[in-house]
Asker: 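Supplied in structure tokens, the structure appears directly below.
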Amino acid sequence: MTEKEWPSSELVNVVKEIVEKKGVDIRFLGPVLGAMEKVDVLAYLKRIVQLLDGTERQRRVVYEIFLKIIDVSEMAKEDKDSEKKALPSERKAPLTPVELLVVLHTLEDAVGLKRQMEATDICIKSIDNYDPESFAVVLQQLTDTPKQATLLMRTTIQCVSRFPSLSGFINNIILPRMVSKKVWTNAKLWPGWIKCAEVTAPGSVSVILGLPKEQIVDVLRKSVELKGRIGEWADSMDGSQQVAKIRAILAG
């Protein structure tokens with residue numbers, strides 16, 4: 001039926017009932033996922049991610065499911081012969097790419113960190129629907145939540161690695177916001193923050209210098225690269241009080 005027509009609401013409900021009541025594999029939802037309501041897709045997302053097992057085969061399965069969730073054109077490929085249905089441009093995918101990636105960062109307790117990493121990797125590395133602007137929105141939303149996801153800094157590094165143009169945004173917005181949240185008190189995020197500062201250096205030097213003295217010392221102790229960057233900065237500056245302070249820290 002879905003080979004020639006966009007799935008009707010009746011068909012979607014039938015498929016959902018089969019999956020929910022008969023325990024059918026979640027992959028059975030594939031042909032109708034793009035026609036489902038957002039709330040339903042969110043409810044199934046945990047089970048979709050649980051399909052991941054570290055193999056390329058399952059990553060491909062989940063990749064194709066993700067595309068149907070965020071890109072209505074993927075469903076429209078099966079609908080090209082239908083003349084009576086709405087045009088693909090008039091349909092709306094259940095989730096936006098931003099929504100999918102943000103929600104995946106909330107699933108650690110439900111699916112485990114390993115599967116969560118696999119799922120976010122699919123979005124960041126393999127799906128072309130993401131651009132620098134969408135990644136910036138994702139990072140801003142993840143940073144602004146009351147409790148930051150374990151994968152926040154890892155995702156930040158992956159995003160800037162894919163799109164180096166994000167460096168300025170990360171140095172001006174993301175890293176400072178994490179400083180305001182005292183990121184050094186979070187043992188899961190602090191090492192990632194330092195690594196991210198390495199990736200976005202030298203632009204991150206000013207953010208590092210805004211840390212409390214104890215945290216600056218910790219950064220210099222843990223990152224030879226950043227210690228060198230800050231030393232270069234100090235050598236290029238006039239003898240202000242801040243420069244003298246940093247030189248004293250470097251010497252200590």
Side-chain angles (χ1 to χ4, degrees), residues 101-102 104-109 112-121 123-125 132 135-252:
L101 189 50
V102 169
L104 289 176
H105 281 80
T106 69
L107 298 181
E108 180 182 352
D109 290 342
L113 189 61
K114 185 175 180 180
R115 282 194 176 99
Q116 187 186 35
M117 290 171 62
E118 278 195 83
T120 56
D121 282 353
C123 291
I124 297 168
K125 296 180 179 180
F135 277 148
V137 174
V138 168
L139 295 177
Q140 192 159 347
Q141 289 188 18
L142 293 176
T143 304
D144 288 342
T145 57
K147 180 181 178 182
Q148 282 68 52
T150 300
L151 293 183
L152 171 58
M153 300 317 305
R154 179 180 186 270
T155 294
T156 304
I157 293 168
Q158 288 180 308
C159 289
V160 74
S161 296
R162 180 168 175 181
F163 295 111
S165 61
L166 285 170
S167 290
F169 171 77
I170 290 170
N171 286 330
N172 294 327
I173 303 295
I174 301 303
L175 294 182
R177 286 191 181 182
M178 295 305 292
V179 170
S180 71
K181 294 175 179 289
K182 298 183 178 180
V183 61
W184 57 87
T185 64
N186 188 318
K188 293 181 179 180
L189 295 179
W190 180 232
W193 190 97
I194 295 173
K195 180 63 178 178
C196 187
E198 289 180 348
V199 173
T200 59
S204 60
V205 168
S206 61
V207 187
I208 297 168
L209 297 179
L211 290 166
K213 178 180 178 180
E214 183 178 348
Q215 276 64 56
I216 295 177
V217 172
D218 194 37
V219 169
L220 300 181
R221 180 175 61 83
K222 292 178 177 177
S223 175
V224 174
E225 180 180 345
L226 290 175
K227 184 174 183 179
R229 293 281 192 177
I230 292 174
E232 292 172 0
W233 171 86
D235 290 341
S236 69
M237 301 296 288
D238 295 330
S240 67
Q241 185 175 358
Q242 183 186 31
V243 173
K245 172 186 172 183
I246 296 303
R247 283 177 176 163
I249 292 174
L250 288 168

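Because the structure is predicted, anything quoted here is derived from the model rather than measured.
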Asker: Hey, can you pull the donor-acceptor pairs under 3.5 Å for the side chains in residues 166-175, sequence neighbours left out?
Answerer:
| from | atom 1 | to | atom 2 | distance (Å) |
| --- | --- | --- | --- | --- |
| Ser167 | OG | Pro164 | O | 3.0 |
| Asn171 | OD1 | Thr200 | OG1 | 2.7 |
| Asn171 | ND2 | Ser167 | O | 3.3 |
| Asn171 | ND2 | Thr200 | O | 3.2 |
| Asn172 | ND2 | Gly168 | O | 3.0 |

Asker: Holding to side chain to side chain contact (heavy atoms under 4.5 Å, CB included), I want the full list of residues that pass it with Asp144, two or more places apart in sequence or in another chain.
Answerer: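 So Asp144 forms a side chain to side chain contact (heavy atoms under 4.5 Å, CB included) with Gln140, Arg177.
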Asker: With rounding to the nearest 0.5 angstrom, report the CG to CD distance, Leu189 to Gln148.
Answerer: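 Those atoms lie 6.5 Å apart.
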Asker: Find out whether Glu232 and Val205 are in side-chain contact, i.e. whether some heavy atom of one side chain is under 4.5 Å from a heavy atom of the other.
Answerer: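 No, every pair of side-chain atoms sits at 4.5 Å or beyond.
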Asker: Under the side chain to side chain contact (heavy atoms under 4.5 Å, CB included) test, which residues partner Lys114, sequence neighbours left out?
Answerer: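 Partners of Lys114 under the side chain to side chain contact (heavy atoms under 4.5 Å, CB included) test: none.
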Asker: Begin from the C-alpha positions of Trp193 and Val179 and carry the test side-chain contact (heavy atoms from CB on, under 4.5 Å) through to its verdict.
Answerer: CA-CA 9 Å; Trp193 190 97; Val179 170; 3.5 Å; yes
Asker: Taking all heavy atoms of Ala197 and all of Ser204, pick out the closest pair and write down the distance.
Answerer: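 Minimum heavy-atom separation between Ala197 and Ser204: O-OG, 2.6 Å.
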Asker: Which residue pairs pass the side-chain hydrogen bond (donor to acceptor under 3.5 Å, both in side chains) test when at least one of the two sits in residues 215-227, sequence neighbours left out?
Answerer: Trp190-Asp218, Glu198-Ser223, Asp218-Arg221, Asp218-Lys222
Asker: Kindly state each residue pair satisfying ring-ring contact (aromatic ring centres under 6.0 Å, His included) with at least one member in residues 135-161, sequence neighbours excluded.
Answerer: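 Of all non-adjacent pairs touching residues 135-161, those that pass ring-ring contact (aromatic ring centres under 6.0 Å, His included) are Tyr130-Phe135, Phe135-Phe163.
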Asker: His105 and Thr120: side-chain contact (heavy atoms from CB on, under 4.5 Å), yes or no, with the steps?
Answerer: CA-CA 8 Å; His105 281 80; Thr120 56; 3.8 Å; yes
Asker: Under the side-chain hydrogen bond (donor to acceptor under 3.5 Å, both in side chains) test, which residues partner Lys213, sequence neighbours left out?
Answerer: none
Asker: Taking NZ in Lys181 as the centre, count heavy atoms belonging to other residues, nucleotides or ligands within less than 6.0 Å. Is the count above 12?
Answerer: yes
Asker: Nearest 0.5 Å, please: how far is CE in Met117 from CG in Leu104?
Answerer: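 Between Leu104 CG and Met117 CE, I get 13.5 Å after rounding to 0.5 Å.
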Asker: How far does OG1 of Thr150 sit from CD of Glu108, to the nearest 0.5 angstrom?
Answerer: 3.5 Å
Asker: What are the two closest heavy atoms between Arg162 and Cys123, and how far apart are they?
Answerer: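 The pair with the smallest heavy-atom distance is NH1-O, 3.8 Å.
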Asker: Any side-chain heavy-atom pair from Asn186 and Met178 closer than 4.5 angstrom?
Answerer: no
Asker: Would you give the length of the straight line joining atom CZ of Arg154 to atom CG of Leu113, rounded to the nearest 0.5 angstrom?
Answerer: 8.0 Å
Asker: Could you measure the distance from the CG atom of Leu220 to the CG atom of Leu226? Nearest 0.5 Å is fine.
Answerer: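 Between atom CG of Leu220 and atom CG of Leu226 there are 8.0 Å.
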Asker: State the NZ-CE distance between Lys195 and Met153, to the nearest 0.5 angstrom.
Answerer: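 Nearest 0.5 Å value for the NZ-CE distance: 12.0 Å.
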